[in-house]
Amino acid sequence: MRVATWNINSVRLRLDLIERLVHAKHPDILCFQETKVIDDSFPRNAFAAMGYPHQHFNGMKSYNGVAILSRLPFKATGVERWQGRDDCRHVHVTLEDNREIHCLYVPAGGDIPDPVANPKFAHKLGFLDEITAWWRTRNKDGAPRILVGDMNIAPLENDVWSHKQLLDVVSHTPIEVEKITAMLQAGNWIDVARHFVPPEEKLYSWWSYRSTDWNAANKGRRLDHIWVTPPLAEQLQNFEIIREARGWLPKPSDHVPVLVDLK
DNA sequence: ATGGTAGCGTAGCTA
């Protein structure tokens, strides 16, 4: 079973790039963040035509939005809300074999890494605290669970192009690293990327639009993650970051697809 | 220290 996650930055604008991913990699399950579309306007027919008839999404106008599109049927679906908001940042499904798939979009947190001066950063930290407590309880059940999405945090030194230069940059500050590490540990999660790739090796899944030559500069960050619970460890077969998708024309997302293969 | 680009929706917010 191949699961792909991609911050698509408008699902309607990039249906052609999604089709390109589907033809190249044939994922069984597609998880998207920043779909930027209300549910009534979600391109459900386009995904059915691509071979994904089983769909679960939660979106709003202009911002956020998450979706799971699947070749495999669901026996249950859910939507979670955090920090008392209807922000459309978390949907999940249960497959018939009981594996659960969660698609998550953590708040970006704005530009200033100070929760007092910047309410968006405070929201990000509160969001992480709340969902960490939830996983601490929920993952005690020993269920086979997959969590994918844009966590908007690059935790390790080699998850960014320059650890020193990004210490004060939202996405790599010590407080964010501390909180995403707490979330990982509270749920007893396995970081699939680092299960396959040693921490000494640079890994990125996002390159800013605000750069003249993303490929040459290569100032990336690993913001997009795939985590699994211990029962799925023995099923892990392959992990891949589709770096070349950052150059897919005419309009690439600033994030690239990340995928995992499970037995 | 600054400003650089993109999407939505048609101004300004969010990333």
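All heavy atoms count here, side chains included; hydrogens, waters and symmetry mates do not. Given the structure is predicted, the values throughout are model-derived calculations rather than measurements. Per chain, numbering begins at 1; letters A, B, ... match sequence-line order.
The distance from atom CH2 of W207(A) to atom P of dA15(B) is 21 Å, rounded to the nearest whole Å. Look at CE on M60(A): it is 10 Å from P on dT14(B), rounded to the nearest Å.
Heavy-atom neighbours of D111(A) CG from other residues, nucleotides or ligands within 6.0 Å: at or below the threshold of 12. Residue K61(A) qualifies as open at atom NZ: its count of foreign heavy atoms under 6.0 Å is 12 or below.
Out of dG4(B), dG9(B), dC8(B), the shortest distance to the side chain of L13(A) is found at dC8(B). Closest contact between the side chain of Y209(A) and the listed nucleotides dT5(B), dA15(B), dG12(B) involves dT5(B). Which of dG9(B), dG7(B), dG4(B) sits closest to the side chain of S10(A) comes down to dG7(B). Comparing dG9(B), dT14(B), dT5(B) against the side chain of S62(A) picks out dG9(B) as the nearest. Relative to the side chain of K36(A), the nucleotides dA15(B), dG7(B), dG9(B) differ in distance, and dG7(B) lies closest.
Comparing G109(A) and P252(A) by the nucleotide of DNA chain B that holds the closest heavy atom to each, the one mapping nearer the 5' end is P252(A).
Figure legend: R71(A) and Y52(A) shown as a cation-pi pair, the cationic atom lying under 6.0 angstrom from the six-membered ring centre and within 45 degrees of its axis.
F32(A) has its ring centre no less than 6.0 Å from the ring centre of F57(A).
In this structure, R221(A) reaches neither bases nor backbone, as no heavy-atom distance under 4.0 Å exists between it and the strands shown.
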